[in-house]
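In what follows, chains are A, B, ... by sequence order, proteins preceding strands, each numbered from 1.
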2 protein chains.
Amino acid sequence: MISKKTKYAINALVYLARENRGNEPIQISKIAESENIPRKFLEAILLDLRNAGMLSSKKGKAGGYYLHKSPEEINIAEVMRLFDGPIALLPCVTHAYYERCEECKDEATCGIRSVFLDVRNETVNMLKMATLSQIISRSEHLNEEKKK
Amino acid sequence: MISKKTKYAINALVYLARENRGNEPIQISKIAESENIPRKFLEAILLDLRNAGMLSSKKGKAGGYYLHKSPEEINIAEVMRLFDGPIALLPCVTHAYYERCEECKDEATCGIRSVFLDVRNETVNMLKMATLSQIISRSEHLNEEKKK
DNA sequence: TTAAATTCCTATTATTTCGATAGGAATTAT
DNA sequence: ATAATTCCTATCGAAATAATAGGAATTTAA
């Protein structure tokens, strides 16, 4: 399971992508209220997203957050990695965070690793395709279906 | 990431599938030593696998564990669910453990859910295909490759 | 120039999960 | 009987998770 932090982050980003006409800063409290996220917790999350270059902020009165990158450039893989670390299910099949399994006899011929490598690759592909834009258009599509 | 418990369990199962000619019970200590798993920890794991119907055991002197099902019938998805719970990354896209996301406004039109539903389905498919037999044959393949 | 509204930053806390160990009861082969 | 083994319950420390607290810094606007 992904952490609540990641889930909240994705929801906040999608909200900003939807709301952001003209990149006006939107306040934490507004996002928190709309997306049902604990205010103070969201504060920390948005700060991390800003430090990671996905959001920008404006301080002081009438300040707030807005997307720094375009909705096509922000994907779920990136957000998950930021808060939950590697997407892979085994340390020996991650790219950036690679770590050998202590108990493993021979990584090169490990059938278990081979399975989890395939799973990782497929998952990362899907999550990289899942940009804010894609999420929004999926949602619109589902809305059409619902009306029928 | 999967837990060490799950990783140890898969390794133990693969070991038993490889070793089991004639279903003679193999002792915990032997498995623990061969697979580099803490003895007492493995004890608890094997017990769970037995209660889940994947292993059988024989008590007392010359006792031990052996596969209850055939290596084609035991897959990674089942083992992961036993120790780590749902495979899905969001509670709202699991089958057996379904739980609504508290903060969610409308599940039916949630684009985020839609993404994670696809990921779950793909992952579960791959992990169900990954039986002990498949793992062993993957490993044999990798061995052939290595020799070249 | 002061007040109000906001982000920024660091610390702290409670709860749960993870990885493992301890100790002995029950069972079985010899 | 004895030795070897699984079975079972309880416990423990460390880490991760989800959140809150409190105030410093910044900015707008009256």
Q: Using atom CG of Leu46(B) as one end and atom P of dC7(D) as the other, report the distance to the nearest whole Å.
A: 9 Å
Q: If only atom types and distance count, is the side chain of Glu73(B) paired as donor or acceptor with the main-chain N or O of Ser70(B) below 3.5 Å?
A: yes
Q: When you check the phosphate oxygens OP1 and OP2 of dT6(C), does a side-chain N or O of Ser29(A) lie under 4.0 Å from one of them?
A: no
Q: Output the rounded distance in Å from CD (Glu43(A)) to P (dA11(C)).
A: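 Atom CD in Glu43(A) sits about 16 Å away from atom P in dA11(C).
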Q: Rounded to whole angstrom units, what separation is found between the CZ atom of Phe41(A) and the P atom of dT12(C)?
A: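 One finds 19 Å between P of dT12(C) and CZ of Phe41(A), rounded.
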Q: Can a side chain N or O of Tyr8(B) be found less than 4.0 Å away from OP1 or OP2 on dA20(C)?
A: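 It does, given that an N or O in the side chain of Tyr8(B) lies less than 4.0 Å from OP1 or OP2 of dA20(C).
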Q: Could you tell me whether the phosphate oxygens of dT28(D), OP1 or OP2, come under 4.0 Å of any side-chain nitrogen or oxygen in Lys58(A)?
A: yes
Q: Could you give the NZ-to-P distance, from Lys61(B) to dT30(C), as a whole number of Å?
A: 7 Å
Q: I want to verify a distance call: between dC8(C), dA19(D), dA20(C), whose nearest atom is closest to the Lys40(A) side chain?
A: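 Given the options dC8(C), dA19(D), dA20(C), the side chain of Lys40(A) is closest to dC8(C).
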Q: Flag the pair Lys5(A) and Asp84(A) as a salt bridge only when some basic side-chain nitrogen lies within less than 4.0 angstrom of an acidic carboxylate oxygen.
A: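 Looking at Lys5(A) and Asp84(A), the cut-off is not met.
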Q: Let's go through Ile2(A) and Phe83(A) carefully: what are the C-alpha distance in whole Å and the side-chain angles of both, what is the deciding distance for side chain to side chain contact (heavy atoms under 4.5 Å, CB included) to 0.1 Å, and is it a yes or a no?
A: CA-CA 9 Å; Ile2(A) 63 173; Phe83(A) 294 107; over 6 Å; no
Q: Please lay out, stage by stage, how Lys4(B) and Glu102(A) fare under the test salt bridge (Lys or Arg N to Asp or Glu O under 4.0 Å).
A: CA-CA 11 Å; Lys4(B) 292 209 165 185; Glu102(A) 320 154 54; 2.6 Å; yes
Q: For Asp84(A) and dA18(D), give me the distance from atom CG to atom C1', rounded to whole Å.
A: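 About 12 Å, once rounded to whole Å.
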Q: Within the pair Ser3(A) and dA16(D), is there a side-chain N or O less than 4.0 Å away from OP1 or OP2?
A: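 Looking at the OP1 and OP2 atoms of dA16(D), neither is under 4.0 Å from any side-chain N or O of Ser3(A).
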Q: Check this one for me: any side-chain N or O of Arg50(B) less than 4.0 Å away from OP1 or OP2 of dC7(D)?
A: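 Yes, because at least one side-chain N or O of Arg50(B) sits under 4.0 Å from OP1 or OP2 of dC7(D).
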